[in-house]
Amino acid sequence: MAQFTQALTIAGHDSDGSAGMPADLHAFYARGVYGMGLLTAAVAGNSKGIFDQQIMPASFINKQFEVLNDDFDIKATKTGMLANKEIIDLVAHNLKKYHMKNIVLDPVIITKHGATLLADDAYQAFLEKLVPLATIITPNFFEAQKLTGSQLDSDDEIQRSAKMLQNMGAKNVLLKGKHPEGSTEVRDYLLLENGNDIWLTKPYVATDRVNGTGDTLSAVITAELAKGTNILTAVKIAKDFTYQAIAHPIEVGSKWGPINHLKAQEISNKE
């Protein structure tokens, strides 16, 4: 039988399949990795919005950690929607308890549109308990502002903010760029554990089919780390994959639709 590399996402389930755990599992599969999902929450939503949510009980989250680690060889782990302080505390405790490795921390603190998703006590727990465990942290522009208290108005400030996150304990930092009005490109900044850094640039794609973009980027990084890819190469692969998934929009839903994992997989398989 074929041996499959295994990776885990700790996340919420989006019922429309565009973001959260479904996007992570799409990305894992597309990169040739067997994906598992540890459920923290579930939301009732579609392309128009989210209309209800259910948080998983602490005992259920703990049991998922127990049974998955009892049976599987998990090579990398990604975190997504953690909902509240109790879940953040549980996840941090279990990541350490089971000596889980290659931890990709996708903050899911503030949406790409600037809406806050975590209460202040949960945010502090995130900073204190999870950031120091991160192999890499991948905040969007607004999350990076919140995490560092910086406006990120210049390249120098972005670079200083990435260093601040390293000083908080994250080994590697990927700050996802904002799309400035009138710009034709999006720039992300990667600061590596060894002090090297790089700007990663892709053309801006004008589309409303962007649900799951951040989830996919961090999930592809997770899949690549699980396979033993070095962090720089993993981020470059993730950036390319996500760009192709955005650049080939699909008609699913009536508003904020999903990105195209199938086309990105097809393109990456040809390269």
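Note that these values count all heavy atoms, side chains included, but never hydrogens, waters or copies made by symmetry.
- A salt bridge does not link Arg160 with Glu157: none of the charged nitrogens is closer than 4.0 Å to a carboxylate oxygen.
- Side-chain N/O atoms of Asp16 and Ser18 include a donor and acceptor closer than 3.5 Å.
- A salt bridge links Lys129 and Asp89; the closest N-O separation between the charged side-chain nitrogens and carboxylate oxygens is under 4.0 Å.
- You'll find the side chain of Thr222 stays beyond 4.5 Å of the side chain of Thr9, heavy atoms only.
- The hydrophobic cluster containing Ile231, built from Ile/Leu/Val/Met/Phe/Trp/Tyr side-chain heavy atoms closer than 4.5 Å, also comprises Val104, Ile136, Leu174, Leu190, Leu192, Ile198, Leu200, Leu217, Ile221, Leu225, Leu232, Val235.
- Interatomic distance, CG of Leu8 versus CG of Leu25, reported as 9.5 Å (0.5 Å rounding).
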Go through Asn62 and Glu66 one step at a time and tell me if the side chain to side chain contact (heavy atoms under 4.5 Å, CB included) criterion holds. CA-CA 6 Å; Asn62 278 329; Glu66 177 188 333; over 6 Å; no
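- Met81 is listed as a side-chain neighbour of Gln53, based on a closest heavy-atom distance under 4.5 Å.
- The minimum heavy-atom distance between Leu152 and Ala144, with the atom names listed, is CD1-CB, 3.6 Å.
- With a 6.0 Å radius and a threshold of 12 heavy atoms from other residues, nucleotides or ligands, Tyr189 has its OH atom above the threshold.
- Of the candidates Lys202, Lys176, Lys239, Asp188 forms a side chain to side chain donor-acceptor pair (under 3.5 Å) with just one, namely Lys239.
- Side-chain atoms of Trp199 and Ile158, non-hydrogen and from C-beta on, do get closer than 4.5 Å to each other.
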Step by step, work out the side chain to side chain contact (heavy atoms under 4.5 Å, CB included) result for Asp73 and Lys75. CA-CA 6 Å; Asp73 183 17; Lys75 296 293 189 182; 3.2 Å; yes
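- Around atom CD of Gln124, more than 12 heavy atoms belonging to other residues, nucleotides or ligands sit under 6.0 Å away.
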Test side chain to side chain contact (heavy atoms under 4.5 Å, CB included) on Val205 and Tyr243 and set out the steps. CA-CA 8 Å; Val205 179; Tyr243 168 72; 3.8 Å; yes
Test side chain to side chain contact (heavy atoms under 4.5 Å, CB included) on Tyr29 and His261 and set out the steps. CA-CA 10 Å; Tyr29 178 85; His261 295 83; over 6 Å; no
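- With a 6.0 Å cutoff to the six-membered ring centre and a 45° limit on the axis angle, Lys97 does not count as a cation-pi contact of Phe65.
- Taking each heavy atom of Ala122 and Asn84 in turn, the nearest pair found is CB-C, 3.8 Å.
- Within the 4.5 Å cutoff, side-chain heavy atoms of Asp215 are placed close to those of Lys78.
- To the nearest 0.5 angstrom, Gln244 atom CD is 13.0 Å from Gln265 atom CD.
- Between Val108 and Leu82 the shortest side-chain heavy-atom distance does not fall below 4.5 Å.
- Within the 4.5 Å cutoff, no side-chain heavy atoms of Thr233 are placed close to those of Glu224.
- Side-chain atoms of Leu147 and Phe126, non-hydrogen and from C-beta on, do get closer than 4.5 Å to each other.
- Panel note: side chain Thr40, backbone Ala11; a donor-acceptor pair is recorded below 3.5 Å.
- For the pair Ile137 and Ala170, the tightest heavy-atom approach, listed with the atom from each and the gap, is CG2-CB, 3.8 Å.
- When atom types are taken as modelled, the side chain of Ser15 and the backbone of Val43 share a donor-acceptor pair closer than 3.5 angstrom.
- With hydrogens and angles disregarded, a donor-acceptor distance shorter than 3.5 Å links the side chain of Asn172 to the backbone of Thr135.
- Taking every heavy atom of both residues into account, Val33 and Lys227 meet most closely at CG2-CG, 3.8 Å.
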With salt bridge (charged side-chain N to carboxylate O under 4.0 Å, His left out) as the criterion, how do Lys146 and Glu143 come out once you've worked through the C-alpha distance, each side chain's angles and the decisive distance to 0.1 Å? CA-CA 5 Å; Lys146 174 72 172 175; Glu143 289 163 343; over 6 Å; no
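- Heavy-atom minimum distance, Val186 versus Gly177: CG1-O, 3.8 Å.
- With Gln6 contributing its side chain and Tyr34 its backbone, the two residues share no donor-acceptor pair below 3.5 Å.
- You'll find the side chain of Ser268 reaches within 4.5 Å of the side chain of Arg31, heavy atoms only.
- No side-chain donor from either of His26 and Thr216 sits under 3.5 Å from a side-chain acceptor of the other.
- Here the closest heavy-atom approach between residue Ala234 and residue Thr229 is recorded as N-CG2, 3.6 Å.
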